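So that the names make sense, note that chain A is the first sequence line, chain B the second, and so on, each numbered from 1. This structure is a prediction, so every number in the text was calculated from the model and none was measured.
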2 protein chains.
Amino acid sequence: MNLTARTAEQIGEALRRTRKARGWTQSDISARTNLRVATISSLENGDAGAKLATVLAVMAALGLEFRLVERGGSLEIEDIF
Amino acid sequence: MNLTARTAEQIGEALRRTRKARGWTQSDISARTNLRVATISSLENGDAGAKLATVLAVMAALGLEFRLVERGGSLEIEDIF
DNA sequence: CTACTTTTTACGCCATAGCGTAACAATCGA
DNA sequence: TCGATTGTTACGCTATGGCGTAAAAAGTAG
């Protein structure tokens, strides 16, 4: 699962995929973040106008964090082994 | 340079460090993004209310992209060699 | 210390995120 | 097929981002 993102669409996709991988619903994320389901939906659909705080809250709920890397940057361990 | 971020402050720090590493001013980023210097300043200082579009624009100007990874996740190649 | 560059902050303005609430649409299991 | 869960969209509302513009504060070189 490659979760590289340069656009809001890609971030939304990554969040949705991770959520599904966890077997969770948008409602689950909503409960863990105090964000409305509608907000989660909007974010997953690539809303570039979303607030950074919103993205970070969902990331935290999913147990994710950001790495800021050079474009086309280094491989990760899993990509090799 | 470890650019892991879970908070707006950490993202701002990472963006500022990368910008400095490029030898650029906030004004340079402003020119490349059509965002005001004040907006860049606010973002680098950890404004969680910033729009995702704003973050992504600055990231692009710096030649960076996001990786969404598990918290405490995999090491990167540079961390080993 | 002085002049210049860089960064931070302020004010009025417009656009919009996310809220509560609600309805509608799409997806899924029995 | 159908009822139930899940996801999307809408309306009015308040709060605030980013804009133009401007000035002040902080940092830097001579």
Calculate the interatomic distance between [X] atom [atom1] and [N] atom [atom2]; express it in whole Å.
X: A:K51; N: D:dA15; atom1: NZ; atom2: P; answer: 11 Å
X: B:K20; N: C:dT5; atom1: NZ; atom2: P; answer: 16 Å
X: B:L52; N: D:dG18; atom1: CG; atom2: C1'; answer: 15 Å
X: A:R19; N: D:dT8; atom1: CZ; atom2: C1'; answer: 12 Å
X: B:L43; N: D:dT16; atom1: CG; atom2: P; answer: 18 Å

Polar side-chain atom of [X] near backbone of [Y] as donor-acceptor pair, under 3.5 Å:
X: A:S42; Y: A:A38; answer: no
X: B:E44; Y: B:S41; answer: no
X: A:T39; Y: A:L35; answer: no

Exercise. Any side-chain heavy atom of B:W24 sitting closer than 4.5 Å to one from B:L62?
Worked result: yes
Exercise. Of all the nucleotides listed (C:dT8, C:dG18, C:dT7), which has the minimum atom distance to the side chain of A:D47?
Worked result: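 The answer is C:dG18, which lies nearest to the side chain.
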For this session: For the side chain of A:R16, starting at C-beta, report the closest nucleotide among D:dT8, C:dT8, D:dT16.
Result: D:dT8
Exercise. Does a side-chain N-to-carboxylate-O contact under 4.0 Å join B:E65 and A:R6?
Worked result: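 Salt bridge flag = yes for A:R6 with B:E65.
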Problem set entry | Neighbours of DNA chain C within residues 24-42 of chain B, by heavy-atom distance under 4.0 Å |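 Going residue by residue through residues 24-42 of chain B, the ones with a heavy atom under 4.0 Å of DNA chain C turn out to be B:T25, B:Q26, B:R36, B:V37, B:A38, B:S41.
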Exercise. Hey, what bend do you get for the helix from C:dC1-D:dG30 to C:dA30-D:dT1 if you fit axes on five pairs at each end, rounded to 10°?
Worked result: 70°
Problem set entry | Euclidean distance, A:R67 CZ relative to B:T4 OG1, rounded to 0.5 Å |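 CZ of A:R67 is found 4.0 Å from OG1 of B:T4.
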For this session: Using distance alone, with no hydrogens and no angle criterion, decide if B:D28 and B:T25 have a side-chain donor and acceptor under 3.5 Å apart.
Result: yes
For this session: Report the C-alpha separation of A:E70 and B:R22 in whole Å, then their side-chain angles, then the decisive distance to 0.1 Å, and conclude whether the salt bridge (charged side-chain N to carboxylate O under 4.0 Å, His left out) test is met.
Result: CA-CA 12 Å; A:E70 301 278 338; B:R22 303 263 191 281; 3.2 Å; yes
